[in-house]
Student: 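What follows is a structure written as structure tokens; I'll ask about it next.
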Amino acid sequence: MTDTIPTLLLFPLWVLLTAFIFCVLSWQRAKVQSAIAIVAGFLYLATAAGLFMEVYQNGIQVIQIGNWPAPFGITLVADLLAAGMVLISAVVAFAIILYSLQDLSAERKKKGFYPVLLVMMFGVCGSFLTGDIFNLYVWFEVMLVASFVLIVLGNSKKQLEGAVKYVTLSFISSGFLLTGSAILYKLTGTLNMADLSVAIAQHPNQELITVSAVFFLTGFGIKAALFPFFSWLPASYPTPPISVVGLMAGLLTKVGVYALIRFFTLLYTHDLPVTHSVLLVLAGLTMFFGVLGAIAQRNFKKILSFHIVSQIGYMIMGLALFTPLAIAGSIFYIIHHILVKTNLFLISGIVKITNGHYALSKLGGVYDRYPFVTVLFAVSAFSLAGIPPLSGFWGKFILAKAGLESEAYVIVAVSLLVGLLTLFSMSKIWVSVFWSATPESDSNLPQLDGRTLFRRYYCLLLASVFLTLCTLGISFYPDFLISFSEQAAGQLLNPDSYINAVLNQ
Amino acid sequence: MKTLILATLLRALTPLFISFALYMFFRGHDKPGGGFIAGLIASIPFMLHAMVFGYERTRQVFRVKPTVLAALGLLMALLSGFFAVLKGEPYLTSAWVTQELPLVGKIGTPIFFDFGVLLVVFGVVLQITFLLTEE
Amino acid sequence: MNLIISLIIGVLFSASLFLMFQKSFFKLIIGVILFGYATTFFLFTVGGVTKNAPPLLNEAAIAVDQLADPLPQALTLTAIVISIGVQLFVIVLLKKVYEEVGTEDLDELNTTDRIK
Amino acid sequence: MSLFTTAAYISIAIISVSTILTLVRFFKGPSLPDRVISLDVFSANLLAVLAIYSVLSEEKAYLNVALIMSLIAFVGTMTFAYYLVQKREKSKNYDQ
Amino acid sequence: MINDLFSAAFMLAGSLFMLIASMGMVKFPDFYIRNSASTKAVVLGVLLILLGVGIHYNDTMIFVEIFAILLFIFLIAPLAAHIVSRAAVITEVGFWEKTDLKELEGYKKEQDKEAKVTKVE
Amino acid sequence: MTILSCILAVILAGFLSAFFYDRYRNIVLSVVSLLFLGIIAYFGSLAGPVLEGATLVQEVIWVDSLNIQLTFLVDGLSLFFALLVTVFGLLIFLYAHRYMKDSPQINRFAAYLLLFSGAMLGLVLSANLIGLFVFWELTSLSSFLLIGFNHTNEDSRRSARQALLITAGGGLALMAGLILLEIATGSGYNLTEILAQPEVVANSGLQSAAIILIALGAITKSAQFPFHFWLPNAMAAPTPVSAYLHSATMVKAGVYLIFRLNPLFQEAMLWHHLLGGAGALTMTWGALKAFQEDDLKRILAYTTLSALGILFMMIGLGGEAAVNAAMVYVLAHALYKCALFMTAGNIDHQTGTRRISQLSDLGRKMPVTATTVALALASMAGVLPLLGFVGKELLYDALYHAADPMAMVYLALLFLAGALFMAVSVDILYNAFIKTGKLRDQPIREGHLMLILPPLLLAAVSLLTGIAPGWTVAPLLKWSAANIHDFAPSMQLKLWHGFNLVFLLSLATLLSGVGLYFLRNWLRQFQKPSWASADFWYDQAIAGSESVAQFTTGEIQNGYLRRYIATVIVTFSILLLAAMAHGQVFQSLSTAPLLKGLQIYELVILALIALATGFLFRVRSRLIVTATFGIIGYSIALAYTLFSAPDVAITQFLAETLTLILLILIIHRLPSYTLKTPIARLKYLPVAILFGAMMAVTAYVMLLQEKDTGSKAYFLEQSIPKGKGQNAVNVILVDFRALDTLGEITVLTVTMIGIIALLKFKPNNKKA
Amino acid sequence: MVILINLFVAVLMTWFTQTIYPGIPNSGFATLLLFAGWNALLWLLTYFLSEHSFHRSRQIGSLVLFYLKELLTASLRVAYEVLTPQDHMQPAVIAIPLEAKTDFEITLLANFITLTPGTLSIDVSKDRKILYVHEVYVKAGDTEKVKRQIKEGFEKKILKITRNPNQI
Ligand code: NA
Ligand code: NA
């Protein structure tokens, strides 16, 4: 065994689980839980940043849990992609915790919002770090069950309705993951991803490997909201409060995408023309039908929800193209999207506070009354729509470049068309929520001016500003993130370093 | 649901179930059994109690909050791995006491871990049953 | 043995889906739970099934290849417990949906994702 | 196959028939208590099968499964009874 | 050898009792008869089979465990039967037409009174 | 670095304005003016070397990982446009300072305007294609914000969105085109390098696609047919915006782009045909429409279309003379059109209307404006001695001498357009300024000095440069033109070329224009039907895509869970079938022994499960369903025992019982069965069976496989010595894979919290 | 209590004997026999410590034996009933007046009744004076005879165990 154990890998997990436990122990005490959550959020961010720096400087970090050698015990691995994802999830979680301090009612806080949020991050973080497919399933479940709770927390009719669909389809997707893991174990006798990568390459029955790929494609496809598996997302995401939906919208589907990337770069590279063509077709359809859904909607949150689906298509497009640049594009896109999409939902929540609605027809006047909110929205919205030099542009640009280089003209055309349609539906929000005149407001709605909004809801705005600054950072100085994405993609496409780090420790 | 016969028998069954649960727990490392199974068995008499006497009565008998039990169980499982970290080994590396104890058998961090599992299962099942038997 | 196992798996999956396609929320839930059983059973059997040889060792060492592979069993155990968690949640969700929405007709639970 | 094994196999066959008969009662009902007790008998049958199977495969561990079965089936029965009584009390309260 | 003989005999006898119980389950005319007759034959069946198993293994721990199972069964089986039949009476599951119900009247009155009291509370 | 600083300074000034303009108006004005003056001075200082043929390159490292740097290039062409942007920017800012003074959102206006100026400056100076593109899109964005400036007006919003969608859509095409250029040349998006290798591009096989995509970008940006309709609608923007963006600068971005890339593509026929065709159509169409309009700003917008069309047409024609002419015409048009827009704004400002039919007597009441308008209109119509005349002479000359067979068609159309310009000019001048009418007795006077001075200045420059083009603008323009066609500078500018055919043509144009003016009533009766307008089709496209979206989404997202499940399952099954068929898995099945190792208990379990499942379909009562489900669960547990997994079996027994208990505890709270449907719905039965069959086949195939037993042996061998336990399953759970178990109990705890939240949450109506 | 101590000590003694004398086989019947032997010895010893406990243990043994006999005969009757075509059943619900007073006594009685095939205790009345029993074979509607049998059989034996002998 090596002299130094990279325990740094475990810090984010420890922080989150401990905070969860203490939140449960201080059940019903909203203030204490909020305090624990904010401290934990900060520590999580700090430890994630520490881990990221460690991986960035010293390469892949591996820890064999329980000191059992690699293919037998559970291995946690942080390569660049995983560490980056942990860091970005910490950023978003921190913003959401901040936001929720003022967004949520005391009742929601008392009934477990913070512990469940923390444990969901625990699951998310574990999913990123694990190097074992069954363990990945477990982390997914931690994350999912927590998200079930977050989705229903509040018990409104809509939330429950949405939850029915979300829970059922998620459960089915978990079933596919389990059955897929069983098949892989049967075929290769191992669950360790690095070991699997080796075993799959040497397996005599490559066609059966492809069969197992279908299980994971479906399982992760549902979690990532790929076409035609995405229906649960628009059904459930618009229902819970913003603090919940912001986090889920930003992070959860991306965990599915992350898993797809992991599996289809590390494991399923045996039959690229088949597997990745399917992915490419699904990516195009996801983009297209997602944005169609967004165009059809007339509700702020619903439009944003469908946009998630559409954007997932871009991330999968990069994976499917399977060139270093394309995968770097995917990674960049994921990180950009997590920041931007979360922020958009947060802003929709602020708009809700000012106008009392999410329906486009009942919204208006934000542009005049709250210029600051408008600026926050504009940054994220135009970024999502791909207006340069905002971050979304870089994502689309890299993917388009990669696609054109691979002569995948159809998908590039689709992605550009979808980009236009995204702008189309984003501008619909802009025009009806921000530009159109203030509609006859509800009499019971508090008439806030900008100053009061700020005073009363400074946490909401701070959270949004925090994310906006991150977005602006990667917009105007994209070089770090892009070169990071390229390095991460390099690691993904040359899994030898990953495999060596895990197996020959 | 309160009947004399049931109430009387339940009183007799409770210690039986609990000792049986402990038996299943301690042999779990060598024979079928273990934390999950033991936790569920231990919770059965209290489940029945809540069904028979109603939640209010059970809460009076059962003072500890099940949520606290569950959280402590989780904490125990989490902490059982830290011993190794202090020794400079990877998290969750097991450590055993060399001497076997009578009745209980071998003692080591995995046993503590499994006991955490027991507590979690016990707490969770009880909490859910209590909630559902509450009118 | 393989044939029977496959048939059991097929029956369980078909039944679970069939239940999910019914109008009643209650049956949907039973279907979901059955789906969980089917997947864990699949995990267990496909992961590696051996008859008459539980992975229990004695001091008198038995030849290892005589015993069943313990790993799929442990995985199945974990999967069952996790599914239990989800199942319990779903069951309580049923109650809550009935209380709040006032129906268990799945056809009436279709409002949140319609265009409005 | 020894005499003993044969006897065990015959026992299993008998219990299998018995299980099916129990299920017949279960499917026929007509009342819920009928179904509950047939479920009870069903689990006793399973217990018996497990016990004999344990003998057949010379594996004591299966007897533990039977042991737990015996405890568990009872809880199920209790819950069904609980349901019946609760339901009755509720409807009585509604009636008046 | 003699062990095996005993063991086989016990197991066969037990299974037969179980079969009879199941046949009774199908044949008997009402719930109460099924409950009072069959479930108990099952207990006897289980007792015999477990004894057969115990004899076969001839192991102390197994005997202890079997003793534990039997103890549980003897505590639990009557309890379950009692609870279910009580529930059946309360929910007015019908008796066989030949049943003499004169002496049940008092019980029914008591139950109705109790329900009323619950309601007033 | 300096250039980047200039651009950033302008944008920064925009931010300053956003915060301080309302409170410190004059200070901000001075700062901005000084800034512009400084920048102009800086570019003026660069003029020296540029006029000697030098090019200046500045590079700032930006996105090194993508090989994208902020590279700036100052040569004749970019210097010309940079001066155009800054000089006009300064004038417009001064003008707007007064013009918009009562607007409550003047801060934003100034900010957007400055953002635009910065972006436009960046666009024309960028020597990196991606840098250029970034600024390109920023100009679209700021144009969007400015067109929608009167955002409470429905029309403004629509126009703004329309302009954004069209220009940004073209932008996406442009991006693809630029990437293709990069792929073809591999030169790090460096403009100079790419321009140096036209033959590489031509031989790459990507040239046609690149041309189409780039032309699409330029056409949309410069409002060429068939994307011309957004520009007249963009007149919803405040007048300074129209004057600046929609006449002088932003719409010229497309022109700039085709100028810039002309050396690369000038050998490609496609390039010429595409641009020439679009230009000629737009030119003619714009002029015709201008003549039919009554609103001053819309007239100007249509003439702008027409003028842009002329420029496109000239590039389409190609060749030295055409490029020279186009370059002069760019300047001429910018000067007169900007002046005209500003005066139109003044008229609107002072009289309250922009409709010619409502205006009269302005010549007497607003003499300075009248002078300005007269000069500018003269330039537009191409009257001697204004710069417009010089430009038109060059256009005619280039067309007349061109070898291209299309040139004669272009010439004829240009003649028509020129005549219409003249007619329009006469119309405006006579009806609004000379004629006496409704406004005779209105107290109308000139606007503020800051409103009338900038246009007058521009008109004066038109005159000055018209009189002496060779001294004033030729030195710069010749280098600009040289950069376009990549030849040595060849422009010879004179006001007077003598009585030649071209001059006669000019004269004839003017006369025909006067003639057309008198035919105006007759001509104006030909209104095109509504379906012939591109605007109409835009609306159709929007509505169409929305209804397609609604239909599709309504179908996909129809709210029924079973449909979602079926979609997932069917897709999965098809993929699985395809994978199996692709891998010829089915063939291997036919040889497998089906009944090997069959035992009676397995059959019993199968029978139990099948019976119970069958029964499940026949019952409605929840409780019986639950009990039946219990039988299935116990049977599975039995199966686990038979397959050597006592731990799993016990767990399954317990899990099943727990589930049963919970189900029962829940059911008795629900009212009795309410659904009055058939017991079983069979519609999706085939899906269920398909899925079951697929899973069964998969399981069967997998069960036939031999397994690698490496990890199994490890666990069994290490269980006692290292795991200290005989039950290998338990050792795995609490030691080998304890992390899984940790996750598992976490799931249980979360479930508990979830259930508490479900059952105990008391919704608070105020903040639901 | 004494009985429990008795059992526990017997277990310890058995274990001791087996550890001290390895010649004695430590599995199955051998152990059981050893255990029974130690138990019997200890039981005889209790005679000198507490005569009451001694008798009670004897009575418990007789109750168990009595019950096993009842179980067997009644099961055979059920078998006969099942296997023959015509039915001999004459069921009735019988209200048995209770002499047993404590919870433990009543429960024990009710359970033994239920455990015997053919009889089933339904409930105890609120005032704990009547036990309602379902009996399958009531010959000629003679419910009194059944009551007498139960009271003479199970109830008496149970009360003998739970109560001081001089109370009966
Ligand atoms: Na265990
Ligand atoms: Na360990």
Side-chain angles (χ1 to χ4, degrees), chain D residues 2-8 10-15 17-22 24-26 28 30-34 36-38 40-42 44-45 47-48 51-52 54-55 58 60 63-64 66-67 69-71 73-75 77-78 80-85 87-89 91-93 95-96, chain E residues 1 3-5 7-9 11-12 14-16 18-23 25-26 30-32 34-35 38-39 42-43 45-46 49-50 52-53 56-57 59 61-62 65-66 68-70 72-73 75-77 79-81 83-88 90-94 111-112 115-116 118-119:
Chain D
S2 73
L3 187 73
F4 176 75
T5 333
T6 319
I10 291 171
S11 298
I12 284 205
I14 292 173
I15 294 170
V17 174
S18 150
T19 312
I20 302 292
L21 286 177
T22 317
V24 169
R25 173 51 66 199
F26 178 83
K28 270 168 78 175
S31 68
L32 187 69
D34 275 309
V36 175
I37 55 161
S38 57
D40 214 35
V41 175
F42 175 78
N45 279 313
L47 190 155
I52 299 174
S54 150
V55 168
E58 291 293 337
K60 293 166 192 167
L63 211 57
N64 298 134
L67 178 59
M69 268 276 346
S70 65
L71 299 186
F74 156 72
V75 183
T77 314
M78 288 288 298
F80 272 104
Y82 172 77
Y83 166 84
L84 283 169
V85 175
K87 191 86 181 167
R88 171 68 186 172
E89 276 170 7
S91 64
K92 262 195 179 162
N93 288 354
D95 291 345
Q96 289 154 21
Chain E
M1 190 59 212
N3 272 7
D4 277 0
L5 208 64
S7 165
M11 285 197 305
L12 278 175
S15 344
L16 279 175
M18 299 209 65
L19 179 65
I20 284 163
S22 301
M23 286 163 76
M25 286 292 290
V26 178
D30 80 354
F31 162 76
Y32 301 94
R34 289 194 279 268
N35 194 1
S38 295
T39 53
V42 168
V43 169
V46 170
I49 290 176
L50 286 181
V53 171
H56 173 75
Y57 280 124
D59 178 295
M61 269 324 278
I62 292 292
E65 279 194 11
I66 284 175
I69 296 186
L70 289 178
F72 269 117
I73 286 177
L75 281 176
I76 284 167
L79 186 53
I83 291 294
V84 176
S85 58
R86 178 176 174 272
I90 290 176
T91 54
E92 286 159 7
V93 171
Q111 286 296 313
D112 284 347
K116 263 178 205 144
T118 332
K119 200 223 161 191

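In what follows, every heavy atom counts, from backbone to side chain, and hydrogens, waters and symmetry copies are set aside. Residue numbering restarts at 1 for every chain, and letters A, B, ... go by the order of the sequence lines.
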Student: Atom CD1 in D:I12, atom CE in E:M11: separation rounded to 0.5 Å?
Tutor: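 Here the rounded value is 8.5 Å.
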
Student: Under a 4.5 Å heavy-atom cut-off, does chain D meet the side chain of E:I66, its backbone, both or neither?
Tutor: side chain

Student: Roughly how far apart are D:S11 OG and E:M18 CE, rounded to 0.5 Å?
Tutor: 11.0 Å

Student: Where on E:L5 is there a heavy atom nearer than 4.5 Å to chain D: the side chain, the backbone, both, or neither?
Tutor: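 For E:L5, side-chain heavy atoms alone lie under 4.5 Å from chain D.
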
Student: Would you mind checking which part of E:I49 comes under 4.5 Å of any heavy atom in chain D, side chain (CB onward), backbone (N, CA, C, O), both or neither?
Tutor: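 For E:I49, side-chain heavy atoms alone lie under 4.5 Å from chain D.
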
Student: Heavy-atom pairs under 4.5 Å with chain D - which of E:A87, E:S85, E:A77 has more of them than the others?
Tutor: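 Sorted descending by pairs with chain D, the first entry is E:A87.
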
Student: By a 4.5 Å heavy-atom criterion (distance strictly below it), what part of E:M23 contacts chain D: side chain, backbone, both, or neither?
Tutor: both

Student: Can you give me the closest heavy-atom contact between E:V93 and D:S31, atom names plus distance?
Tutor: CG1-OG, 3.7 Å

Student: Check each atom of E:F31 against the heavy atoms of chain D and say whether the ones under 4.5 Å are side chain, backbone, both or neither.
Tutor: both

Student: Under 4.5 Å heavy-atom distance to chain D, tell me which part of E:A21 shows up: side chain, backbone, both or neither.
Tutor: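 Neither part, no heavy atoms under 4.5 Å.
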
Student: Non-hydrogen atoms of chain E under 4.5 Å away: do they reach the side chain of D:S38, the backbone, both or neither?
Tutor: both

Student: In Å, rounded to the nearest 0.5 Å, how long is the span from CD1 of E:I83 to CE of D:M78?
Tutor: 5.0 Å

Student: Can you tell me which portion of D:V36 sits under 4.5 Å from chain E's heavy atoms? Options are side chain, backbone, both or neither.
Tutor: side chain

Student: Please find the pair of heavy atoms, one from E:A80 and one from D:D40, that lie closest to each other, and give the distance.
Tutor: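 Answer, listing the atom of E:A80 first, then D:D40: CB-OD2, 4.3 Å.
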
Student: Let me know if E:I73 has heavy atoms under 4.5 Å from chain D in its side chain, its backbone, both or neither.
Tutor: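 Looking at E:I73, just its side chain touches chain D.
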
Student: Indicate yes or no: at least one non-hydrogen side-chain atom of D:L84 is less than 4.5 angstrom from one of E:I90.
Tutor: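 No; the side chains remain at least 4.5 Å from each other.
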
Student: When only pairs under 4.5 Å are counted, which of D:N64, D:V24, D:L32 shares the most heavy-atom pairs with chain E?
Tutor: D:N64

Student: With a 4.5 angstrom heavy-atom cut-off, which part of D:L47 approaches chain E: side chain, backbone, both or neither?
Tutor: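 Only the side chain of D:L47 comes within 4.5 Å of chain E.
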
Student: Checking heavy atoms, do the side chain of E:V53, its backbone, both or neither come under 4.5 Å from chain D?
Tutor: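 Both the backbone and the side chain of E:V53 come within 4.5 Å of chain D.
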
Student: What part of D:D34 lies closer than 4.5 angstrom to a heavy atom of chain E: side chain, backbone, both or neither?
Tutor: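 Both the backbone and the side chain of D:D34 come within 4.5 Å of chain E.
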
Student: Mind checking whether E:L19 and D:V17 have side chains closer than 4.5 Å, heavy atoms only?
Tutor: yes

Student: Could you give me the CA-CA distance, side-chain angles and deciding distance for E:M25 and D:L21, then say whether side chain to side chain contact (heavy atoms under 4.5 Å, CB included) is met?
Tutor: CA-CA 8 Å; E:M25 286 292 290; D:L21 286 177; over 6 Å; no

Student: Please name the pair of heavy atoms, one in E:H56 and one in D:F4, separated by the smallest distance, quoted to 0.1 Å.
Tutor: ND1-CZ, 3.3 Å

Student: What part of E:V26 gets closer than 4.5 Å to chain D, counting heavy atoms only: side chain, backbone, both or neither?
Tutor: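 Both backbone and side chain of E:V26 come within 4.5 Å of chain D.
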
Student: Does the side chain of D:P33 come within less than 4.5 Å of E:N35's, by heavy atoms?
Tutor: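 Contact flag for E:N35/D:P33 side chains = no.
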
Student: Looking at E:V46, E:L16, E:L12, E:I76, which one has more heavy-atom pairs under 4.5 Å with chain D than the rest?
Tutor: E:I76

Student: Let's test your reading of the structure: which of D:A51, D:A13, D:A8 forms the most heavy-atom pairs below 4.5 Å with chain E?
Tutor: D:A51

Student: Considering only heavy atoms and a distance below 4.5 Å, find which of D:V41, D:I10, D:I20, D:L67 pairs most often with chain E.
Tutor: D:L67

Student: For the pair E:L79 and D:F74, evaluate side chain to side chain contact (heavy atoms under 4.5 Å, CB included) and give the outcome as yes or no after the intermediate values.
Tutor: CA-CA 9 Å; E:L79 186 53; D:F74 156 72; 3.8 Å; yes

